[in-house]
Every structure is written in structure tokens, then in C-alpha cells.
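Owing to the predicted nature of the structure, the values given are computational and were not obtained by experimental measurement. For ligands, and for the atoms within them, numbers begin at 1 and follow the listed sequence.
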Amino acid sequence: MAEYETVAHLAPAVRELRSEAAGILPRLAGRTMWMVNSTAVGGGVAEMLPALVTLLRDLGVRAEWVVIGSDEPAFFDLTKRIHNLIHGAGDPLLGAAERQLFEAVNRKNTEELTRLVRPGDVVVVHDPQPLPLAGLLPATVPLIKIWRCHIGLDAENAATRAAWDFLDPYLVAFDHAVFSAPEYIPKRLAGKSTVIYPGIDPLAPKNRELSLRGAVAVLCNSGLLVCPGPTVYPQYPAQAQRTLPDGSFAPANSIADIGLLTRPIITQVSRWDRLKGFLPLLEAFTELKKSIRNSETGGETVHARRLDLARLVLAGPDPGSIQDDPEAQQVLRELVAAYTSLPGPTQDDIAIVTLPMGSQEQNALMVNALQRASSVVVQNSLREGFGLTIAEAMWKRIPVLSNSRACGPRVQVRDGIDGRLIQDPTDVHELEHAMRDMLSDPERQEYWGRNAQRRVHELFLVTSQLRSWGRLLAQMPALMEFPRRSAPEGR
Ligand code: UDP
């Protein structure tokens, strides 16, 4: 927190947070706030928790982060299915075998948590994977239990109904639920739910300011750039990989430079998930390139040259590294297959990049530098509760192109003010036009970028998120009633 206060434009946010927190802190004294989720790396939740926990601790709250695990790939297959069903997609048949697996893994994970929690503690369960934990914790230990669901869909279909019916028995154990958008609150949780926007940490390696030299060094050291000269720091042990025309992967700078420092770059950084809309984005960019090559003006005007030089970077984590995302390999394979079928010159203009996850800090710096090297950041999600990548790019004053039908992006980005929103992320034509428009107007890019940063400042920083949590906790009668420990227990 002290570090935030040293940054001129962040100091007011910290002051506001401290003064608002003063009311609730005495009620949290002696309690531990447990954050429980299913993965330490990869995806938005793992991204947000460290900053949240650190700031809570800075405020004087005892906060702990517990990652539930499982050696059973079938468990993560199931939770991935539930994730997709909540987003309205997939086979809705969830039966007794699935319930048994879901509960068995959670029962095992409850054992450890049971040893840790004390009466009066606050347990915040993130997303569906650890959902049954709340009901499995011993009833003899009074706890305040909150479910923080980061996903949802603003519509109902057979898939969403199946997911919520499956999850229903576990919901009653919670005192309250938190969602990222009002549209996501299922009927059965109406009246005991609150909306809290996620927030990004502006000083984390993912978002912190990078000097020109620093950004170039990160790109060089990670292999995202053909290095123009020697660098002070050595190469990262694991290098970013890029798809070759035959579909294999090699260090991203091994064949030719992507052009991150000199070309207009359109970037999407996401998990390899079908709902992130990578494939239509690749198709739209391919169309854009095709129409430029067929156009008569060629590269004569500055505008034509801008489009001619533009490149698309599709980046995501090394798929081998994320245990709870079994679909990632498949999605990446499909994308690579589409890439290999493109004509050579179009392939040159598209880089499918995998970012090593061995070091979280280096991975974050790579994403940071990639986003900063972009003229436009796209988040072409078909569904998106809240796009952290959107907030990250906006914070860096990079204009964002996203989908107005997804609940998160339409709150995050005001179309034409902070960036652009399209109606349909699968409409290749619409996407192509939007990219073309955005690329061709550098003045508007500046305008969108400035507004975007201001919007994140006001609404989507971790400090605003913590204030919302404070307000929620302050309203919870249980925080007054439940016992708490009188002294720390030496954990
Ligand atoms: N991310 C990352 N490395 C990658 C790909 C993604 O650190 O190789 C991060 C990305 O910067 C963002 C998070 O993963 O912070 C994804 O969060 P988002 O809300 O965009 O999507 P989710 O994964 O939660 O669906």
C-alpha cells in the first residue's frame, strides 16, 4: 500500500480506501479472510487474488489464499464443463457420477480447510470448482461464507439451467454471493447477491509502467523480438514460442521479427478458450489482409501502408501449464490448423504465440510489454464476465475492441469513448471493419486510450474493488453476531 501512496496519481485512491476501510476494520479484527479457488496460475481469478490478499493484509486484515487441488484430470474436465454450461454451451447432462466426483474432490479438500478455519472467519469461495466446500465445513464452526462467482451469462438456456440445477444444492450454504454483473445473478440467489467489479493492480508486473528500454528488454529477453543489441539482463530461461507455417512451434524470434516495435499491432491475449473468439478474429484479420492485397491503391497512402504493415498477435499461456483448463490444447490446435491453411504472406502477418508460465513475473511482464506494443487490443470474447485483459489494456491507454453483447465489456468499454464495441464477435465482416476503422485513426486511438485509462482509474482498480468488499462486509449482520478469536493463533 505504501508503494501506491508514492505514485502521485494513485495516492488519492489509497486515501479513500483507508478512510472507508476504517469503519469495517475493527469488525474484522481477530478474523481471517480465506480466499479459496482452484488454481494458482492462469486466468483472471488467479490473477486478481494476490493483489487483493496483499492489500487486505496491508490494511491490517488477516487474509489467506488457499488453492484447492486434485490429481484427477476428470475433476477439471467436469469443472470446465460446468464453466462452459454456465456460459450457455455444452452437453447439459450432468448426472449422479458427476455429482459424486464433484463432491468427492471437494470433500478431500475440505479436510485441510477444516483444520485452518476458526469461528468467525470469513470464507470467500471463488467460482464453481470449490463450491461444495461451504456446505462441507463443519456446522459447529460458525463462519461467514461468501461465494464469489466470476462467470455468468445474461440469458437462460438448457445449458445454463443444467449448470445451475447441478450447483443448486451447494448454494444454500452461503450467506451471500458476489457477481461481476447484475445480469449474472441467478434467480435463486436474488436478494442475497451483490455486484462487485473486479479490479487490476496497477503496480503489478502485468500493469506497471515500463520504460521504453524496459519494454524492449522484456520483449528481447522473452524472445518476442529479434534483439537489436546486447541487453543488461540475460534471456529468460523459457522463451515465447510462435507457430511456424507447418504448425510446429519455435522461439518467437527464431525465423523473423514479428515487428512489435515498428508495425501497427493488433493483439489478443487470453486463455486458449473457444469462448474467447480467437478463431473469428484470425478469420477477420485474414479478410482484412486479403482486401488490402486486392485493393488498387496498394501501399501508396499512409493509411494504406498502415493497414499493409499491420500484424495480428494471438497470445496465450503455454497450454501445458494450466491444470484446470484441459480444453486449451484442443482450442490451440484448432487455431493452429486454421493458421497453417492460410497463404504464406498472411501467415507472415499473424503470430500465434504461447507464453511460458514457469515464472509468473516473467509471464506478466511479457503480457505487459505485448499490450504496450499494441495499437489496438482486441478481446473478441463471445461471453465475458469481466475482461481483465480489457482493463489491463485500458490502463495502458491502449484502445480496446470488444463485444457489446458480453456483460463485462459493455460495462468496461463505452463504445466510441474508451474504444469500440462490435455487436457480434462471430461476424467476421463486422470485426474486420472495426479493426480497419480503429487502425486507420491514430487520433481517435489516443482519445480512446486516454478515456480508457481514466475509466479504469475510477472503477476498475483493485482499490475500488476493495472498497466494494468493505461496503459489502459492513452490511453483513453476521459480522456483528459471530464470534471471533480473541488472539492470533500463531499460524
Ligand atoms: N494472461 C496471462 N498470460 C497469458 C494469458 C493471459 O497472464 O498468457 C492473463 C491476462 O493478462 C489476464 C488473465 O490472464 O490478466 C485473464 O483474465 P480475463 O478476465 O481476461 O479472462 P479469464 O481467463 O478470467 O476468462
Query - Basic-acidic side-chain contact under 4.0 Å: Glu327, Arg333 - result: no
Report task. Could you tell me which residues satisfy side-chain contact (heavy atoms from CB on, under 4.5 Å) with Gln362, sequence neighbours excluded, listed by chain and number? Result -> Tyr236, Pro237, Ser359, Met366
Query raised in the report: So, the side chain of Asn363 versus the backbone of Pro356: is there a donor-acceptor pair under 3.5 Å, distance only?
Result: yes
Query raised in the report: Mind checking what makes ring-ring contact (aromatic ring centres under 6.0 Å, His included) contact with Phe166, not counting sequence neighbours?
Result: Phe102
Query raised in the report: Can you pull the residues with any heavy atom under 4.0 Å from ligand 1?
Result: Gly43, Gly44, Glu47, Lys206, Val269, Ser270, Arg271, Lys276, Gly316, Pro317, Leu355, Asn363, Val367, Glu384, Phe386, Gly387, Leu388, Thr389, Glu392
Report task. Enumerate the residue pairs fulfilling ring pair (Phe, Tyr, Trp, His ring centres under 6.0 Å) with a member in residues 393-414, sequence neighbours excluded, ordered by first and then second residue. Result -> His9-Trp395, Trp395-His457
Requested in this report: Answer yes when Asp127 and Arg148 have at least one side-chain N-carboxylate O distance shorter than 4.0 Å, and no when they do not.
Outcome: no
